Amino acid sequence: MLTIYNTLTKKKEKFEPINPPDVKMYTCGPTVYDYFHIGNARSFVMADMVRRYLEFKGYNVTFVMNLTDVDDKIIKKSREEQLNFNEVSKKYIKAFFEDIKKLKIKKADIYPKATENINDIIKMIEILEEKGFAYNVDGNVFYDVAKFKEYGKLSGKNIDELVSGSRIEINEEKKNPLDFALWKKAKEGEPYWESKWGKGRPGWHIECSAMSCKHLGGYFDIHAGGNDLIFPHHENEIAQSVAANDKPFVKYWLHFGFLNIEDEKMSKSLGNFFTTREVLKKYSAEAIRLFFAQAYYRGPLNFSYELLDAAERGASKLKNLAEIINREIKKNRTDGNLPAINISIFEEKFTAAMDDDFNTAQGVAVIFDFAKEVNRLIAENEKIKADFYLNVKNFLERTAAGVLGIIDFEAAKTVAGEGLSSDLIELLIEIRLNAKKNKNFALADEIRNKLKKLGVELRDSKEGTTYKMVK
RNA sequence: GGCGGCGUAGCCAAGCGGUCUAAGGCGAAGGUCUGCAAAACCUUUAUUCGUCGGUUCGAAUCCGACCGCCGCCUCCA
């Protein structure tokens, strides 16, 4: 039984989809004004694991992630780069897709963009206005927070206290400092769309309400995002959606903890960030995902290259195993032993861990226990039938690869890269083997060392010599 | 000021009332295998969970106080 910690109720709750086996899930995506940093990546990766696990459980998941492609930061950037705002967003949308692909994040079913849903957004604001939840001040439309009784419920905030202790800028036009913009009047040189309130663009919060409603209906199962979105973004989404649709908005709210640097939140504004791009140049997707998966998604996690080094070493352990499995399956051996391994127990443990509010750290532990057991059996048995490896691979494919994405059997295929041919490598291995037989270890070592420099690592075993490509 | 979170081995990090003399990863030490490497395996590495009290037959887990750290309350994953 899957349980999920729900930010709304501050409790772990039994997961019961509104319309099983369908699960509708929405995650706040990037504002495409720059490359996203590795802290953003944590949210995207963890949302990906949640989604994959729901699919593993047999749910039919519809996963939607929005792209905020018009907003103040994009406009600012476009001025700096002297580009049209949509050239900026286009550039970073492209980069976003490149990066999440490298992170091996499964693509969402739909990536709605704010600029492509302006009509729906306007329609929703009109409804809010008709119902008295919104007011227009000279082309700026605000949400009237005081009209929504449950405002503050998600974030546990009290409206009166918010106002008194707040750092909110006083805006003369707003009735209440907490009121937020639904529609922003266009200033000179800003992008705009026509509306009954004049030329303008949507506020940030309304796009998520309008687009989630459009693609998932007004009430859906899971809404996820970073901790910092709880207030005001998600609070505002609730206010908008519930007021407009007259029904509850989201059943389970999921929030991801921050990635910190030296105990401080990684953020663009603090400048203490690493782009996912640069991290991906040094580390594999599996290592990055393992690093994230080893911690509870909700809590804070410190980032450093030292920690990623450790994760990379851990991931290579799984990668080595994947290589052996691939190789042995290729051999298709029908003689030898079929060592007993109780895969269903590991699967039960894995499922129990993940069922407990996506305890990926525990899930990872199960995978490493499993890998150790498999390695032990490989070491203990002279020859093992291919069936053993097929069973082992099947389990890892569904869990470590399919849910967590911390192992990749495709990438683990030892294929020679640029300027290297596998036939030539095999030839050198053969020559080296002869040298070894003749006790010419100097030559044998020379071949091994020189190949290493070319990125080919040789490994001797009782089964013969194998090679793997290393960075 | 209001609200929320965190403090577990050298490092990261699960566990959240008994199975905990506390997972897993990294690191370290020793060993097996090996011509040497690499990989892999085996053994060791927290009688203790920020501090001090309390509740309980029983606490890392619940309660209180205190210390330290962080986040949200303005854009932010």
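Throughout, protein chains are lettered first and strands after them, A, B, ... in sequence-line order, and every chain is numbered starting at 1. These figures come from a predicted structure and were not determined experimentally. The basis for the numbers below is simple: all heavy atoms, side chains too, and nothing from hydrogens, waters or symmetry mates.
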**Request:** Can you measure from CG (A:Asn440) to CG (A:Asn434) and round to the nearest 0.5 angstrom?
**Result:**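 The CG atom of A:Asn440 sits 10.5 Å away from the CG atom of A:Asn434.
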
**Request:** Drop me the distance from A:Glu397's CD to A:Asp408's CG, to the nearest 0.5 angstrom.
**Result:**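 So the gap between those two atoms works out to 8.0 Å.
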
Would you indicate whether the side-chain heavy atoms of [Y] and [X] approach each other to under 4.5 Å?
X	Y	value
A:Tyr53	A:Thr360	no
A:Glu207	A:Asn66	yes
A:Val250	A:Ile222	no

**Asked** Within 45° of the ring axis of A:Phe63 and under 6.0 Å from its six-membered ring centre, is that where the NZ or CZ of A:Lys106 lies?
**Response**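 No, a cation-pi geometry is absent between A:Lys106 and A:Phe63.
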
**Item:** Cationic tip of A:Lys268 above A:Phe273 ring, under 6.0 Å, 45° of axis
**Value:**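 Ring-cation test returns yes.
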
Hey, does [X] reach any base, or is it just sugar-phosphate, or nothing, if we go heavy atoms under 4.0 Å?
X	answer
A:Ser461	nothing
A:Pro30	nothing
A:Met46	nothing
A:His255	nothing
A:Asp445	base
A:Ile378	nothing
A:Lys265	base
A:Asp369	sugar-phosphate
A:Arg432	base
A:Leu321	nothing
A:Asp263	sugar-phosphate

Between atom [atom1] in [X] and atom [atom2] in [N], what is the gap in whole Å?
X	N	atom1	atom2	answer
A:Arg298	B:rG5	CZ	C1'	10 Å
A:Lys436	B:rA38	NZ	C1'	11 Å
A:Leu178	B:rC73	CG	C1'	9 Å
A:Phe231	B:rC75	CZ	C1'	13 Å
A:Asp309	B:rG27	CG	P	10 Å
A:Lys153	B:rG2	NZ	C1'	20 Å
A:Asn381	B:rC33	CG	P	18 Å
A:Lys450	B:rA38	NZ	C1'	20 Å

**Item:** Under-3.5 Å donor-acceptor pair between A:Lys157 side chain and B:rC72 base
**Value:**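 Checked by distance alone, the answer is yes.
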
**Request:** Using only heavy-atom distances, decide whether a donor-acceptor pair under 3.5 angstrom links the side-chain of A:Lys73 to the base of B:rC76.
**Result:**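 Flag unset: no donor-acceptor pair detected.
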
**Asked** Taking only side-chain nitrogens and oxygens of A:Asn227, does any of them come within less than 4.0 Å of OP1 or OP2 of B:rG4?
**Response**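 Negative; the distance criterion is not met.
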
**Request:** Ignoring backbone atoms, establish whether A:Arg448 has a side-chain N or O less than 4.0 Å from OP1 or OP2 of B:rC36.
**Result:**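 A:Arg448 to B:rC36 OP1/OP2: no side-chain N or O under 4.0 Å.
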
**Message:** I'd like to know if the side chain of A:Ser304 pairs up with that of A:Asn302 as donor and acceptor (distance under 3.5 Å, no hydrogens or angles considered).
**Reply:**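 The answer is no; no qualifying pair exists.
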
Anything under 3.5 Å between a protein N or O and an N or O of nucleotides 12-18 of chain B, put it in a table, one pair a line.
unit_1	atom_1	unit_2	atom_2	d
B:rA13	O2'	A:Gln294	O	2.9
B:rA14	OP1	A:Tyr296	N	2.5
B:rA14	O3'	A:Asn359	ND2	3.2
B:rA14	O2'	A:Gln362	OE1	2.7
B:rG15	OP1	A:Asn359	ND2	3.1

**Message:** Let me spell it out: for each of A:Glu457 and A:Lys439, pick the nucleotide of RNA chain B with the closest heavy atom. Which residue's pick is nearer the 5' end?
**Reply:**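 Its nearest nucleotide lies further toward 5', so the answer is A:Lys439.
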
**Request:** Could you check A:Lys10 against A:Tyr33 and say which one's nearest nucleotide on RNA chain B is further toward the 5' end?
**Result:**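 Residue closer to the 5' terminus by nearest nucleotide: A:Lys10.
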
**Request:** Can you see which heavy atom on A:Ala444 is nearest to which on A:Lys436, and at what distance?
**Result:**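 Looking at all heavy atoms of both residues, the shortest contact is CB-CG, 3.6 Å.
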
**Request:** Only one of A:Arg459, A:Glu457, A:Glu426 passes side chain to side chain contact (heavy atoms under 4.5 Å, CB included) with A:Tyr467; say which it is.
**Result:**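 Only one of A:Arg459, A:Glu457, A:Glu426 forms a side chain to side chain contact (heavy atoms under 4.5 Å, CB included) with A:Tyr467, namely A:Glu426.
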
**Request:** Decide, applying a 5.5 Å centre-distance limit and a 30° plane-angle limit (both strict), whether A:Phe368 stacks on B:rG24.
**Result:**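 One would not call A:Phe368 stacked on the B:rG24 base.
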
**Prompt:** Are A:Phe274 and A:Phe303 close enough that their ring centres sit under 6.0 Å apart?
**Reply:**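 Judged by ring-centre distance (under 6.0 Å), A:Phe274 and A:Phe303 do meet the cut-off.
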
**Request:** Please confirm whether A:Tyr92 and A:Phe36 have ring centers closer than 6.0 angstrom.
**Result:**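 No, ring centres 6.0 Å or more apart.
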
Short heteroatom pairs, N/O only, protein and nucleotides 41-43 of chain B, under 3.5 Å:
unit_1	atom_1	unit_2	atom_2	d
B:rC41	OP1	A:Asn375	ND2	3.4

**Message:** Expected output check: what is the dot-bracket annotation of RNA chain B, where ( ) and [ ] are pairs inside the strand (brackets for crossing ones), | is paired with another strand, and pairs are Watson-Crick or G-U under 3.5 Å?
**Reply:** ((((((((.[[[..)..(.....]]]((((((.......))))))....[[[[[..)....]]]]])))))))....

